[in-house]
Amino acid sequence: MARTAKKAKALTTTTREAAADENVLSIGEATADAVAALPAPESMAAVTLDARDTTATSGSGVEILIPLDRLKRSPRNARKTPHSNETIETYAASIAAKGILQNLVVEPEFDPNGEPTGFYFVTIGEGRRQAQLLRAKRKEIDKSEPIRCVIDTANDAFEISLDENVTRTDLLPADQFEAFRELAEHRGYGAEEIAARFGVTAHVVKQRLRLGAVSPKMMQVYRDGGLNLDQLMAFAVTDDHGRQEQVYDGLGYNREAYIIRRELTRFHVPANDRKAIFIGVDAYVDAGGTILRDLFTEDRGGYFEDAALLDRLALEKLAGIATELQAAEGWKWAEAFIDYPHAHGLRRVYPQPVDLSVDDLAAREAVQEEFDRLTVEWEASEEDLPPDVDQRFAELEAEIERLDALRHAYDPEEVAFGGAFVSLNYEGSARIERGFIRPEDETPVPETDSGVDGETVIGGVRVNADGEVIEDAEGQGGDPSVSSGGQAEEEEGDAGQPVSDLLTRDLTAHRTLGLRLSLGEQPEIALIAVTHTLAAQTFYHGAESHALEIRPVSAYLAGHADGIEDTAAAKQLSDRHAGWAADMPQNIAELWGFIAGLDQASLIALLAHCASLTVNAVKQRWENKPQAHVTVNRLASALGLDMSQHWTPTVRSYLGRVTKAHILAAVREAEGDEAAERIAGMKKQAMAEAAERLLGETDWLPPLLRTEQPASVPTETEAPDAGPEPVNMEEGGMDAGDVVVSEAAE
């Protein structure tokens with residue numbers, strides 16, 4: 001034991017202060033015994049020194065194979081936070097492919113009496129031990145698998161454990177990216193094989209391979225610190241080195257990753273675009289198209305690189321639908337467009353009420369009877385409907401809807417010379433609009449003016465009720481008071497002849513004055529007249545049959561907000577309009593009688609619908625009409641408008657189009673400071689997506705969509721607020737009843 005003590009004493013100069021010499025000596029002595037006591041099977045060929053050599057076993061440096069089940073976690077390991085499951089999986093995969101490349105460092109375990117227990121604490125390599133335990137659990141190796149270790153009793157276990165985790169330099173990311181590329185290009189390893197050998201997912205390997213394929217110029221800029229990892233990942237969205245370098249050279253002061261990515265994909269179509277959804281990946285690829293995938297963001301399927309091909313495929317598919325529609329329904333024409341042609345300028349007809357056939361009527365009654373019976377049977381049940389019953393309800397509702405749709409149909413004559421447009425809606429499905437009449441297909445109607453006593457003027461020629469031409473004194477229907485020589489002559493004339501144009505204007509001007517006076521005294525007739533004027537211009541294209549010079553103008557909202565016509569609110573408005581259109585008489589001459597015959601509630605509802613189509617609350621930068629927007633705010637308050645019923649803050653509608661500060665402010669207002677802090681450190685896209693999930697559960701609205709609650713009506717005991725001062729009528733151009741609203745209302 002003297003030689004052991006002598007050796008251990010020499011080691012104290014590097015591991016312990018003088019005060020701890022005694023402890024180090026005892027550890028050194030016990031280590032020699034423990035090593036000497038180890039079994040030496042033939043498989044333990046890695047022992048570099050003979051265990052019976054007392055010099056070799058007296059201290060550190062012994063390399064030996066120790067069974068896995070004799071290794072323990074060291075209580076003096078500096079790493080207190082355990083390795084993650086992902087890290088252990090990585091180690092296990094690497095060891096399975098290449099073995100343990102670095103020996104574990106261990107020290108013997110001693111019992112309270114200082115005797116070796118035959119177990120060893122792992123000072124360095126706990127992650128590798130855990131990986132081998134995982135492999136043993138999976139039956140890949142035996143639980144007593146020999147592990148190559150180095151015994152170290154000379155150094156402080158805690159210090160070398162700390163040293164091993166601190167004094168190290170990770171491989172530079174750029175070197176790692178290029179090394180993975182080397183494995184793929186020169187050794188033929190695929191992403192799955194590389195993933196298995198290094199214990200990472202195939203997706204991570206693909207990401208690193210993509211980064212390794214970035215332009216050498218971009219990679220060098222990254223090595224030099226000119227680009228950060230997020231920016232390099234943005235460049236990796238494409239493997240076109242020329243395009244990468246072109247975008248890099250054109251970058252200004254703002255080099256955010258989303259700008260780089262946007263520039264690189266400027267000429268591509270995202271996979272969530274309506275055309276891409278409509279065509280689908282398979283059809284696009286089968287036609288020779290390629291898809292660019294961004295491995296570093298949630299690209300929802302990548303980018304379709306050939307925009308022209310995608311447009312062609314979409315038009316061809318829409319044209320096919322139009323051809324099938326024309327053949328199935330008998331329209332004279334059906335045209336396909338990617339975007340709905342709003343400026344078509346064509347008159348439109350709508351389906352009219354028709355009676356159901358005897359068979360359809362009987363089927364409708366039978367379906368309704370079964371529906372009512374099931375409703376009575378299950379309405380008292382507190383449990384959820386069984387799947388088969390729920391399915392039957394859905395089938396019955398669909399059949400009722402189908403049969404009810406047969407109650408309205410287009411006039412066969414209109415179908416014979418009318419047509420339909422087939423376009424692509426916002427959601428990526430076909431949009432079909434029917435009932436359009438081209439000018440050349442319109443039934444010609446001669447321009448006629450009513451005369452007196454059954455006379456009609458057609459093309460400037462007067463015709464009586466029997467269709468005979470009535471000639472004037474000169475044979476041309478001119479003013480009989482003036483002769484061909486220009487001299488006024490007193491003639492008896494014909495009482496059936498029309499009066500002069502001058503006198504006609506004079507008399508009808510007086511009649512107009514009388515109508516104005518009388519209409520203002522009969523509100524119920526005024527309501528009919530206004531409704532008739534609006535309806536005539538709303539539902540009858542190009543018809544001049546109204547007496548009131550009121551011109552409804554409806555702003556084209558799709559030009560201000562992409563996809564707005566495919567929203568739920570637009571669908572409700574379209575359905576309401578189609579419902580009224582179906583009720584309108586086909587002959588505009590019958591419109592007055594139709595409106596006059598409506599009950600008061602229906603009359604008001606029709607007026608409200610026609611008036612609603614003229615509302616315009618769009619704000620444009622170049623406009624200067626602040627008082628109009630004040631009125632819009634008043635209208636919204638009066639209606640109690642709640643835009644949360646019609647609009648939701650999404651990445652596409654709002655969050656992806658404002659700054660991060662706006663996003664955080666919205667989340668903070670809706671969900672509180674804690675929720676805002678949770679997403680504050682995210683990148684813009686991730687922050688917008690997280691905010692969409694948070695705000696989707698609330699009724700939050702941006703200020704432009706909020707409606708101020710109307711002021712409460714004062715009680716009799718309260719003096720009404722005097723309110724703000726009236727606007728100067730000459731300067732503001734407002735009606736006498738208008739006042740300036742508070743800033744809160746604006």
Side-chain angles (χ1 to χ4, degrees), residues 445-553 584-585 587-598 600 603-604 606-608 610-611 614 729-730 733-738:
V445 179
E447 295 183 2
T448 62
D449 293 323
S450 297
V452 295
D453 295 334
E455 295 179 6
T456 302
V457 178
I458 303 178
V461 179
R462 293 185 295 119
V463 181
N464 63 20
D466 296 327
E468 300 175 344
V469 177
I470 302 174
E471 296 184 355
D472 54 26
E474 299 294 328
Q476 301 296 328
D479 189 342
S481 64
V482 181
S483 69
S484 59
Q487 299 294 326
E489 297 181 359
E490 293 290 340
E491 297 182 0
E492 293 184 5
D494 185 355
Q497 294 179 350
V499 299
S500 66
D501 291 342
L502 183 62
L503 182 57
T504 297
R505 294 200 309 270
D506 184 290
L507 295 177
T508 53
H510 282 279
R511 188 177 190 225
T512 299
L513 179 60
L515 286 170
R516 289 179 177 179
L517 180 62
S518 298
L519 189 63
E521 295 171 347
Q522 301 182 57
E524 66 283 358
I525 303 301
L527 178 61
I528 294 174
V530 171
T531 305
H532 175 273
T533 299
L534 294 177
Q537 298 173 83
T538 299
F539 296 98
Y540 299 87
H541 179 74
E544 291 287 339
S545 68
H546 47 283
L548 277 61
E549 290 190 341
I550 299 174
R551 299 288 179 182
V553 177
M584 293 289 158
N587 189 346
I588 194 172
E590 302 172 5
L591 180 61
W592 180 276
F594 168 76
I595 293 176
L598 293 175
Q600 189 75 1
L603 179 63
I604 295 297
L606 177 57
L607 174 63
C610 294
T614 70
M729 296 304 298
E730 295 182 358
M734 299 175 64
D735 294 335
D738 289 340

Fill in the blank from the handout: Separation between CZ (Arg511) and OG (Ser518), nearest 0.5 Å, reads 10.5 Å
Practice task
Can you measure from CG (Leu534) to OG1 (Thr614) and round to the nearest 0.5 angstrom?
Solution key: 7.5 Å
Problem - Close side-chain approach of Met584 to Leu606, heavy-atom, < 4.5 Å - result: yes
Handout entry: Test item: Leu527 and Ile604 side chains (from C-beta on) under 4.5 Å apart, heavy atoms
Key = yes
Handout entry: Between NE2 on residue His510 and CZ on residue Arg505, distance to nearest 0.5 Å
Key = 12.5 Å
Handout entry: Close side-chain approach of Phe539 and Ile588, heavy atoms under 4.5 Å
Key = no
Exercise for the section: Give, for atom CG of Leu603 and atom CG of Leu598, the distance between the pair rounded to the nearest 0.5 Å. Expected result: 6.0 Å
Problem - Point-to-point distance, once rounded to the nearest 0.5 Å, from OG1 of Thr533 to CG of Leu607 - result: 10.5 Å
Problem - Straight-line distance of Phe594 CZ to Asn587 CG, nearest 0.5 Å - result: 13.5 Å
Handout entry: Minimal non-hydrogen separation, Ala535 against Ile595, with atom names
Key = CB-CD1, 4.1 Å
Exercise for the section: Please examine the side chains of Trp592 and Pro585, heavy atoms only from C-beta on, and report whether any two atoms are closer than 4.5 Å. Expected result: no
